[in-house]
Protein chains: 2
Amino acid sequence: MSVSFNKRDPIYLQVIQHLKRLIVSGKLRPGEEMPSRRQLANDFKINPNTVQRAYSEMEEQRLIYTEPNRPSHITEDPAVLNQLKNEWLNKAMATFVSAIEPLDISLDELVPLLEEKLQKRK
Amino acid sequence: MSVSFNKRDPIYLQVIQHLKRLIVSGKLRPGEEMPSRRQLANDFKINPNTVQRAYSEMEEQRLIYTEPNRPSHITEDPAVLNQLKNEWLNKAMATFVSAIEPLDISLDELVPLLEEKLQKRK
DNA sequence: AGATGTGTATTACTCACTTAGTACACCTCT
DNA sequence: AGAGGTGTACTAAGTGAGTAATACACATCT
């Protein structure tokens, strides 16, 4: 895994964002075992407590579950996974709509520009 | 002006964002006089030094200009204003495209959803 | 039994940001 | 001339989120 953290946002939030993205995209599958706190911290060159904080929040959100003294696993609950995807999409759209709102531009003008940006991704 | 600051991001950045939005939307016009540091601080119930920091950064970006001992003014340089609008739009699109990328969804499916969100704004 | 690997808890430190207080030079209006 | 309004600069202190160091309990594997 290769990740680059920006210096402004808290690392633990960026870790959560990174992991959510992997779940949403399907690269982390339901029931799959998560890397241990220490392992991920080592990979990312950050403090294990920072990973712990990220995992804790994700556990509160039911995105992962943990049995005592065992590695954490991705949830298998479809409701939780669907909610994650829905929230991900809705937040993306809400942020976008709010950002372009002050601009004097229509959706029709926007679509070709978006299409171009999307193409460049592939 | 009514603004609500979130507690996570630095206030001075939120002030900049707020003012940029006003410029982009045309509610602050080129050449228009800005409220004084002390005035804006009073309006927002924040410290004048925080406003000063926001203004300083905006001056570095040439978005405002200040003659000695006079109130600051919005730039009248079309190049600077166009750059602001272009960056605003590009950043919005880049963020959106990046957020959407892990989702398995096409632009065709997206457009109606965006249209709905845009309608609700008005 | 011992070593190593889990998750978890507690405590302390760090640093960016914010606030506060003061001061100074200059302009404008009364 | 005087009062009050600009922008600017500097120092000091406070605040709180984020991060780091350390230790503990338990499981697994050799």
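Using a 4.5 Å heavy-atom cutoff, the side chains of B/Pro30 and B/Thr75 are not in contact.
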Tabulated below should be each protein N or O lying under 3.5 Å from an N or O of nucleotides 26-30 of chain C; please produce it.
unit_1, atom_1, unit_2, atom_2, d
C/dC26, O4', B/Asn69, ND2, 3.1

Identify the pairs formed between an N or O of the protein and an N or O of nucleotides 16-21 of chain D at a distance under 3.5 Å, and give each distance.
unit_1, atom_1, unit_2, atom_2, d
D/dG18, OP2, A/Tyr12, OH, 3.1
D/dG18, OP2, A/Arg53, NH2, 3.3
D/dT19, OP1, A/Ile11, N, 2.8
D/dA20, OP2, A/Asn47, N, 3.3
D/dA20, N7, A/Asn49, ND2, 3.2
D/dA21, N7, A/Asn49, ND2, 2.9
D/dA21, N6, A/Asn49, OD1, 3.3
D/dA21, N6, A/Asn49, ND2, 2.5

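One atom, CD of A/Gln52, and another, P of C/dT8, lie 6 Å apart when rounded to the nearest Å. If you take NZ of B/Lys45 and C1' of C/dA20, they are 17 Å apart, rounded to a whole angstrom. Rounded to an integer number of Å, the gap from B/Phe5 CZ to C/dT19 C1' is 15 Å. Following rounding to the nearest Å, B/Glu67 (CD) and C/dA25 (C1') show an atom-to-atom distance of 16 Å. Taking atom NE2 on A/His73 and atom C1' on C/dG7, their separation rounds to 12 Å, with Å as the unit. Atom CG of B/Asn42 is separated from atom C1' of D/dT6 by 16 Å (rounded to the nearest Å). In this structure, the OH atom of A/Tyr65 is 15 Å from the C1' atom of C/dT6, given to the nearest Å.
Between A/His18 and A/Phe5, the ring centre distance reaches or exceeds 6.0 Å.
Applying the 4.0 Å criterion to OP1 and OP2 of D/dG7, one finds that B/Thr66 has every side-chain N and O outside that range. Applying the 4.0 Å criterion to OP1 and OP2 of C/dG5, one finds that A/Gln39 has every side-chain N and O outside that range.
Using a 3.5 Å distance cut-off with no hydrogens or angles, the side chains of B/Ser56 and B/Glu60 do not pair a donor with an acceptor. There is a side-chain donor-acceptor pair under 3.5 Å between B/Glu59 and B/Thr66.
A salt bridge (Lys or Arg N to Asp or Glu O under 4.0 Å) check over residues 7-20 of chain A, counting only residues at least two apart or in different chains, returns nothing. Within the structure, the ring-ring contact (aromatic ring centres under 6.0 Å, His included) test picks out the following pairs touching residues 63-87 of chain B (sequence neighbours left out): B/Tyr65-B/His73. Legend: salt bridge (Lys or Arg N to Asp or Glu O under 4.0 Å) pairs involving residues 86-108 of chain B, not counting sequence neighbours, sorted by first then second residue: A/Arg21-B/Glu101.
At a cut-off of 3.5 angstrom, counting only N and O atoms as typed in the model, there is no donor on one side facing an acceptor on the other between the side-chain of A/Arg37 and the base of C/dG5.
Under the rule for a side chain to side chain donor-acceptor pair (under 3.5 Å), A/Ser36 has no partner lying at least two apart in sequence or in another chain.
Between A/Asn47 atom CG and A/Asn42 atom CG the span is 11.5 Å, to the nearest 0.5 Å.
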